[in-house]
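Beneath this line is the structure, given in structure tokens, with notes to follow.
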Amino acid sequence: MISDDLDLRQLTADLKHMLAPGEPVGYLRGKSLMRNLLVETKGFSELEAEELIDTLELRGFLRFLGDPTERSIADSHWELSPHS
């Protein structure tokens with residue numbers, strides 16, 4: 001369960017800070033990488049972290065710049081915007 005008190009802007013900024021320049025790449029690889037970072041650094045369970053990544057994506061804090069259904073475009077980057 002995601003707490004209503006969780007600051008999604010700050011969480012996005014933290015993710016952006018933890019990722020290497022140019023990361024994450026690929027739709028599923030990127031989601032997995034960001035989920036794993038939340039598990040390892042913030043102490044969320046894998047399920048909580050996955051729900052958080054989905055929530056951040058739905059609310060516009062994370063945006064995949066490609067088309068995950070097409071292989072040639074599925075290796076695109078993610079945009080992390082803590083100011084959404």
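These numbers come from a predicted model, not from an experiment.
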Residues which pass side-chain contact (heavy atoms from CB on, under 4.5 Å) with Glu79, listed by chain and number, not counting sequence neighbours: Arg63, Leu65
Show me, pair by pair, the donor-acceptor contacts under 3.5 angstrom made by side chains of residues 13-20, not counting sequence neighbours?
unit_1: Asp14; atom_1: OD1; unit_2: Gln10; atom_2: NE2; d: 2.7
unit_1: Asp14; atom_1: OD2; unit_2: Lys42; atom_2: NZ; d: 2.8
unit_1: Lys16; atom_1: NZ; unit_2: Leu80; atom_2: O; d: 3.3

Donor-acceptor pair, side chain of His77 and main chain of Gly22, under 3.5 angstrom: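 Answer holds: yes.
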Under 3.5 Å donor-acceptor, Glu51 side chain and Glu48 backbone: no
What is the distance from atom [atom1] of [X] to atom [atom2] of [Y], rounded to the nearest 0.5 Å?
X	Y	atom1	atom2	result
Leu28	Leu33	CG	CG	12.5 Å
Leu11	Leu52	CG	CG	6.0 Å
Thr12	Leu56	OG1	CG	4.5 Å

Aromatic ring pairing Trp78/Tyr27, orientation class (parallel under 30°, perpendicular over 60°, tilted between): parallel
Student check: side-chain heavy atoms of [X] and [Y] closer than 4.5 Å:
X	Y	value
Pro24	Met34	yes
Leu6	Phe44	yes
Phe61	Ser81	no

Partners meeting side-chain hydrogen bond (donor to acceptor under 3.5 Å, both in side chains) with Glu23 (sequence neighbours left out): none
Which residues share a side-chain hydrogen bond (donor to acceptor under 3.5 Å, both in side chains) with Asp54, sequence neighbours left out: Lys31
Least distance between heavy atoms, Glu46 atom then Arg35 atom: O-CD, 3.7 Å
Thr41 versus Leu37, closest heavy-atom pair with distance: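 Distance-wise, the nearest heavy atoms are OG1-O, 2.6 Å.
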Salt bridge (Lys or Arg N to Asp or Glu O under 4.0 Å) partners for Glu40, two or more places apart: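 Listed in chain order: nothing, the list is empty.
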Path from Val39 to Leu8 over hydrophobic side-chain contacts below 4.5 Å: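 No, Val39 does not connect to Leu8 through the hydrophobic network.
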